[in-house]
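These notes are about the structure you will find just below.
Chain letters run A, B, ... following the sequence lines, proteins first, then strands; residues in each count from 1.
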2 protein chains.
Amino acid sequence: MANPLVRKLEHGAPLSDEEKDALAKLMVGARPVGAHEDLIAEGDAPEHVHVVLEGFACRYKMLPDGGRQIMAWLVPGDFCDLHVSLLGEMDHAIATLTPSVIAFLPRNGLEVLAEDHPTLTRALWWATLVDEAVLREWLVNMGRRPSPQRIAHMFCEVRARLHAVDLAPDAIMEFPLSQTDLADSAGISSVHVNRVLQQLRDEGLITWRGGVLQVLDVGALEAFAGFDANYLHLKGPPASHAH
Amino acid sequence: MANPLVRKLEHGAPLSDEEKDALAKLMVGARPVGAHEDLIAEGDAPEHVHVVLEGFACRYKMLPDGGRQIMAWLVPGDFCDLHVSLLGEMDHAIATLTPSVIAFLPRNGLEVLAEDHPTLTRALWWATLVDEAVLREWLVNMGRRPSPQRIAHMFCEVRARLHAVDLAPDAIMEFPLSQTDLADSAGISSVHVNRVLQQLRDEGLITWRGGVLQVLDVGALEAFAGFDANYLHLKGPPASHAH
DNA sequence: CGGGCTTTTGAGCCAAATCAAAAATAGTGG
DNA sequence: CCACTATTTTTGATTTGGCTCAAAAGCCCG
């Protein structure tokens, strides 16, 4: 199975085999990390670029009162800190949500490679801009959708994003987050998350058990949540990959 | 008074006089627009890049139930649609909030200029990444801060951003938004916005009258809101500009 | 099989929504 | 410059979605 980073970037620009190989070869490390471990702290300026290869991580900020807001889920193929070289330092932290595998790319190596390959540069910036588009949709989700629709929308999105890297066949996916993590993502209490999940199960939209999420009827869940995948900019059906 | 776009970009990278001139000359149009007019619709792929020169605009999405979520305020110097060439089409709409002046830059011209000027390219991507950082903070704001702190935080941010383009001397600024627009930005009802504003006034933190917002004590408001400007990545005190 | 986490249930409460109307402001045309 | 509208802002009364507090039940694993 191909590298999830490569699989993802192919949605952004048509990479040549040479570019794909060069990118894969740049990944110098692949370290397994446990659940709920901090990878990068606010204020850091990591030397390497981190990429999630397996599992789920997140961007988050802590508030003075101890509250935590998760601002993004990072799924296989997602960069953690591509933006650091331009912004100087992290303005938020990165942690794993589940046991994960994290790879590293030397920042210099990536920059040199990108200089020689405009298509790769396009793909990298495409990925950054899609992250921004996802953030906008999360804001809409928080601001305007009641909690059942909000949680449902998050499930629709994660299904679509995992599908784009071939990790959600038949709308069944590994999704071993805790309800507390979901609560910190959706901006509601974990008690309320629990009640909302019961409702989504009762309505026959999903099952979620033992860390495996199944969307029983993608169309129905998307209709319920008011989900439209346009903001993911995946440009048509996911590319099929020869093996 | 220099161009607000140039003033803003200088926070991101040290532009040469040649770059600043070239950028200013690229601005082919500067059209006055009334309040509450749509500039760009979801699904559009505008040929020119739009920049706000005066007034306030916003990014927003409409929901099926008629609700509107504003996801970003665009102040003088901000791009509306720099990302369109990479993402293909707008996944949200842009409208003015107040009477504004909007300028245009030919997309090709900007790209050619950027190709010849790596520093300018850096500045443009810096601006994009700061937009993303602001979005993250808005998400924290929506998810975790009670409404008085939330509104206060938005005022702190807009003061800092306007200050960065020299438009908020002494923490007094033109800010002629309606309470409804503020409500659609903060994700609360306009009735509640009104009550929150009374509270902020009663506590002596702000005045807001006739479209002019005054922050009476910047430190006090920032402490109240839990505001930390690090996410704006302005890198130290705003540059002073020779005239 | 016992300790620690995560999920689930129950009861009471509060921030913010809704609905409805009045007061204040800002435009607009005569 | 003023009357006439239309929009905003403000107030009041009521309802509600989601929170907090607290405890029970289930689960994972050594």
N/O (side chain, [X]) to phosphate O (OP1/OP2, [N]) under 4.0 Å:
{"X": "A:Q198", "N": "C:dT9", "answer": "yes"}
{"X": "A:N194", "N": "C:dT8", "answer": "yes"}
{"X": "A:Q179", "N": "C:dT8", "answer": "yes"}

*Pick base, sugar-phosphate or nothing for B:S189, based on heavy-atom distances below 4.0 Å to the nucleic acid.*
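Counting heavy atoms under 4.0 Å across all strands, the contact made by B:S189 includes a base.
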Tell me the interatomic distance from [X], atom [atom1], to [N], atom [atom2], rounded to whole angstroms.
{"X": "B:D181", "N": "D:dT7", "atom1": "CG", "atom2": "P", "value": "14 Å"}
{"X": "B:H36", "N": "C:dG27", "atom1": "NE2", "atom2": "P", "value": "12 Å"}
{"X": "B:R201", "N": "D:dT9", "atom1": "CZ", "atom2": "C1'", "value": "9 Å"}
{"X": "B:L197", "N": "C:dA16", "atom1": "CG", "atom2": "P", "value": "13 Å"}
{"X": "B:H192", "N": "C:dA15", "atom1": "NE2", "atom2": "C1'", "value": "6 Å"}
{"X": "A:R209", "N": "D:dG26", "atom1": "CZ", "atom2": "P", "value": "13 Å"}
{"X": "B:R195", "N": "D:dT10", "atom1": "CZ", "atom2": "C1'", "value": "8 Å"}
{"X": "A:W208", "N": "C:dT6", "atom1": "CH2", "atom2": "P", "value": "12 Å"}

*asked:* Determine whether the aromatic ring centres of residues B:H83 and B:H92 are separated by less than 6.0 angstrom.
replied: yes
*Centres of the A:F104 and A:H50 rings: under 6.0 Å?*
yes
*Indicate whether any N or O donor in one side chain lies under 3.5 Å from an N or O acceptor in the other, for A:E137 and A:N141.*
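No, A:N141 and A:E137 have no side-chain donor paired with an acceptor closer than 3.5 Å.
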*With no hydrogens and no angle check, do the side chains of B:D181 and B:S178 hold a donor and an acceptor under 3.5 Å apart?*
yes
*asked:* From C-beta outward on B:I188, which listed nucleotide comes closest to its side chain: D:dT20, C:dA17, C:dT6?
replied: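 It is C:dA17.
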_If you only use heavy atoms from C-beta on, which nucleotide in C:dT18, D:dC21, D:dT8 is closest to the side chain of A:V191?_
D:dC21
*Mind checking what makes side-chain hydrogen bond (donor to acceptor under 3.5 Å, both in side chains) contact with B:R159, not counting sequence neighbours?*
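For B:R159 there are no side-chain hydrogen bond (donor to acceptor under 3.5 Å, both in side chains) partners, ignoring immediate neighbours.
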N/O donor-acceptor pairs under 3.5 Å from side chains in residues 203-210 of chain A, not counting sequence neighbours:
from   : atom 1 : to     : atom 2 : distance (Å)
A:W208 : NE1    : A:F175 : O      : 2.9

_Under 4.0 Å, heavy atom to any atom of DNA chain D: which of residues 143-151 of chain A qualify?_
A:P146, A:S147
*Are the charged groups of B:D65 and A:R145 less than 4.0 angstrom apart, N to O?*
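Result for this pair is no, no salt bridge flagged.
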*Between A:S190 and A:G210, which has a closest nucleotide on DNA chain D that is more 5'?*
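On the 5' side of the pair lies A:S190.
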